[in-house]
2 protein chains.
Amino acid sequence: MKKQEIIELCVEIVDKDGFLNLSVKTIADKLGIKPPSIYKHFPGGLGEIKDALMTYGWQRIDTKIARSAVGKAGENGLKAMCYALREFAHEHPGVFETVCWHNSYTSEQDQEMTKGVIASLYAVLNSLEFSDVQKMHVLRTLRGYVEGFAMLELHGSFGDKVSLDESFSYGVDALISGIMNGGEKICG
Amino acid sequence: MKKQEIIELCVEIVDKDGFLNLSVKTIADKLGIKPPSIYKHFPGGLGEIKDALMTYGWQRIDTKIARSAVGKAGENGLKAMCYALREFAHEHPGVFETVCWHNSYTSEQDQEMTKGVIASLYAVLNSLEFSDVQKMHVLRTLRGYVEGFAMLELHGSFGDKVSLDESFSYGVDALISGIMNGGEKICG
DNA sequence: GCCATTAAACTAATAACATTAGCAAGGAGG
DNA sequence: CCTCCTTGCTAATGTTATTAGTTTAATGGC
């Protein structure tokens with residue numbers, strides 16, 4: 001039983017029952033072993049497992065986002081990446097919860113881990129005419145919107161009378177259009 | 001010792017040490033009593049306390065957001081509310097964490113509680129020419145952006161080379177401009 | 001084939017926490 | 001003065017994370 005396999009079982013646990021249900025006990029049950037045996041694989045205990053799951057999550061997100069923008073530049077690349085990140089949140093709600101949440105307790109490392117994702121985003125941003133500072137603004141803005149929207153919809157905070165897909169598209173379009181127009185008003 | 005006073009001590013705990021540090025023990029310590037005594041005030045235990053804290057948080061947010069938009073219509077009202085919500089997150093990081101996160105486990109009630117905030121936002125949206133569906137899109141988009149941005153900055157996920165205030169303004173401007181222009185590109 | 005090492009499981013024990021049950025002090029109102 | 005309600009307490013239970021020490025089975029060198 002390799003670390004990687006255990007982490008993949010953790011993915012199943014959190015995607016099915018939520019991040020709060022990830023405990024030494026639930027993992028041990030899923031593995032068919034007793035809780036203390038977990039410590040042979042992860043001496044750092046639950047904390048180390050959560051860290052590993054977060055890292056694994058970021059890697060998956062990185063891969064998915066990078067692929068989504070292959071062959072796309074500028075505006076279209078940015079949109080594709082936004083959609084890809086939300087899609088990941090739907091496919092792996094528990095992992096998404098983990099990367100959103102667990103990072104509050106290891107924030108130094110977090111920046112290292114998001115570098116992969118940021119690198120992909122930067123590659124697309126480089127196809128546009130933005131200053132370095134502007135690129136950072138764009139990146140933070142998009143990340144804030146997509147992670148915030150996905151978090152809220154996963155938590156059921158939005159109701160469902162109006163289509164969530166349409167709301168998301170609306171927001172992405174508004175955001176990208178606002179960014180491309182440099183925040184100016186439409187002519188006159 | 002009234003319920004309300006206990007909740008206000010909980011606000012101090014979470015704002016100082018984070019939502020994860022809110023336990024029956026930490027509350028009892030702060031009150032100078034033993035853990036079991038807490039159950040005389042909140043028979044539902046920690047869950048009831050967290051629910052009460054979330055409700056209290058939403059009330060405070062509602063008040064702050066509603067006040068921020070007094071005398072402002074349309075675009076300016078929307079911007080003021082975005083800034084007010086982020087400001088609340090800075091003033092009460094723990095409470096903000098609570099309303100963002102704890103709702104995952106009581107999502108039915110959550111929609112009830114956010115109605116106050118939504119009512120204020122709707123009042124401002126009514127000063128614009130949007131359809132009901134569009135209003136809902138705008139509301140979700142703004143909430144997603146502001147909650148997401150605030151959550152990420154509170155978790156230290158953004159680094160600090162570039163000013164967070166500037167990034168936030170940039171995003172709000174882009175978003176509002178995109179919304180007001182109906183997602184269209186600038187002339188020609 | 002045999003022994004030593006190591007990996008990976010186990011049981012037993014400890015500590016922290018939430019929670020329940022039952023008891024006790026003190027004040028409010030008759 | 002007695003009663004009840006509030007609000008505290010201690011004692012006990014159950015769950016979880018974790019550590020220590022033991023055992024079992026496989027692996028690698030001889």
Side-chain angles (χ1 to χ4, degrees), chain A residues 1-57 94-95 97-99 101-107 109, chain B residues 1-57 94-95 97-99 101-107 109:
Chain A
M1 191 68 64
K2 296 277 180 181
K3 277 190 169 194
Q4 188 73 2
E5 298 174 271
I6 295 179
I7 293 300
E8 272 151 23
L9 289 179
C10 291
V11 169
E12 289 178 28
I13 292 171
V14 296
D15 284 343
K16 185 167 172 292
D17 298 320
F19 178 66
L20 273 135
N21 215 45
L22 187 71
S23 64
V24 175
K25 181 173 173 14
T26 56
I27 299 166
D29 285 352
K30 192 147 191 118
L31 281 163
I33 61 179
K34 302 290 177 183
S37 308
I38 299 288
Y39 292 79
K40 297 294 172 175
H41 303 280
F42 296 91
L46 194 52
E48 187 184 346
I49 295 175
K50 287 175 177 176
D51 288 349
L53 181 57
M54 176 182 60
T55 303
Y56 180 79
V95 177
E97 217 180 345
T98 305
V99 303
W101 239 128
H102 184 60
N103 68 0
S104 38
Y105 311 104
T106 56
S107 57
Q109 307 155 22
Chain B
M1 192 70 63
K2 297 276 180 183
K3 276 190 171 195
Q4 188 72 3
E5 298 175 272
I6 296 179
I7 293 300
E8 273 152 23
L9 288 180
C10 291
V11 168
E12 289 179 27
I13 292 170
V14 296
D15 283 343
K16 184 166 173 294
D17 297 322
F19 178 66
L20 274 139
N21 214 46
L22 186 72
S23 64
V24 176
K25 181 173 173 17
T26 56
I27 299 167
D29 284 350
K30 195 151 187 109
L31 281 163
I33 61 179
K34 301 290 176 182
S37 308
I38 298 289
Y39 292 79
K40 300 293 173 170
H41 303 279
F42 296 92
L46 194 53
E48 187 184 344
I49 295 174
K50 286 175 176 175
D51 288 350
L53 181 57
M54 176 181 60
T55 303
Y56 180 79
V95 177
E97 217 180 345
T98 305
V99 302
W101 274 114
H102 183 61
N103 67 358
S104 37
Y105 310 101
T106 58
S107 57
Q109 307 154 22

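Every heavy atom of this structure was used, including side-chain atoms; hydrogens, water molecules and symmetry mates were not. Order of the sequence lines sets the chain letters (A, B, ...), proteins ahead of strands, with each chain counted from 1.
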Per the under-4.0 Å heavy-atom filter, residues of residues 21-33 of chain B near DNA chain C come out as B:Ser23, B:Val24, B:Lys25
Return the set of residues passing side-chain hydrogen bond (donor to acceptor under 3.5 Å, both in side chains) with A:Lys40 (not counting sequence neighbours), or none when no residue passes.
none
Between B:Pro35 and A:Pro35, which has a closest nucleotide on DNA chain C that is more 5'?
A:Pro35
Between A:Lys34 and B:Pro43, whichever has its closest DNA chain C nucleotide further toward 5' is A:Lys34
Please list, chain by chain and in numerical order, all residues satisfying salt bridge (Lys or Arg N to Asp or Glu O under 4.0 Å) with [X], sequence neighbours excluded.
{"X": "B:Lys3", "value": "B:Glu48"}
{"X": "B:Glu8", "value": "none"}
{"X": "B:Asp29", "value": "B:Lys25"}

Tell me whether the side-chain N/O atoms of A:His41 come closer than 4.0 Å to OP1 or OP2 in C:dA7.
no
Work out which heavy atom in A:Thr98 is nearest to a heavy atom in A:Lys50; give both atom names and the distance.
CG2-O, 4.3 Å
Minimum-distance pair of heavy atoms, taken over all atoms of B:Asn21 and B:Thr26:
O-OG1, 2.9 Å
Rounded to whole angstroms, how far apart are [atom1] on [X] and [atom2] on [N]?
{"X": "B:Lys40", "N": "C:dG22", "atom1": "NZ", "atom2": "P", "answer": "11 Å"}
{"X": "A:Ile38", "N": "C:dA8", "atom1": "CD1", "atom2": "C1'", "answer": "11 Å"}
{"X": "B:Lys50", "N": "C:dA18", "atom1": "NZ", "atom2": "C1'", "answer": "11 Å"}

Do B:Ile27 and B:Leu9 make a side-chain contact, defined as non-hydrogen atoms from C-beta onward lying under 4.5 Å apart?
no
B:Val24 vs B:Ile49 side-chain heavy atoms within contact, under 4.5 Å:
no
Of all nucleotides in DNA chain D with an atom under 4.0 Å from a non-hydrogen atom of chain B, which is the first and which the last going 5' to 3'?
D:dT7 to D:dA11
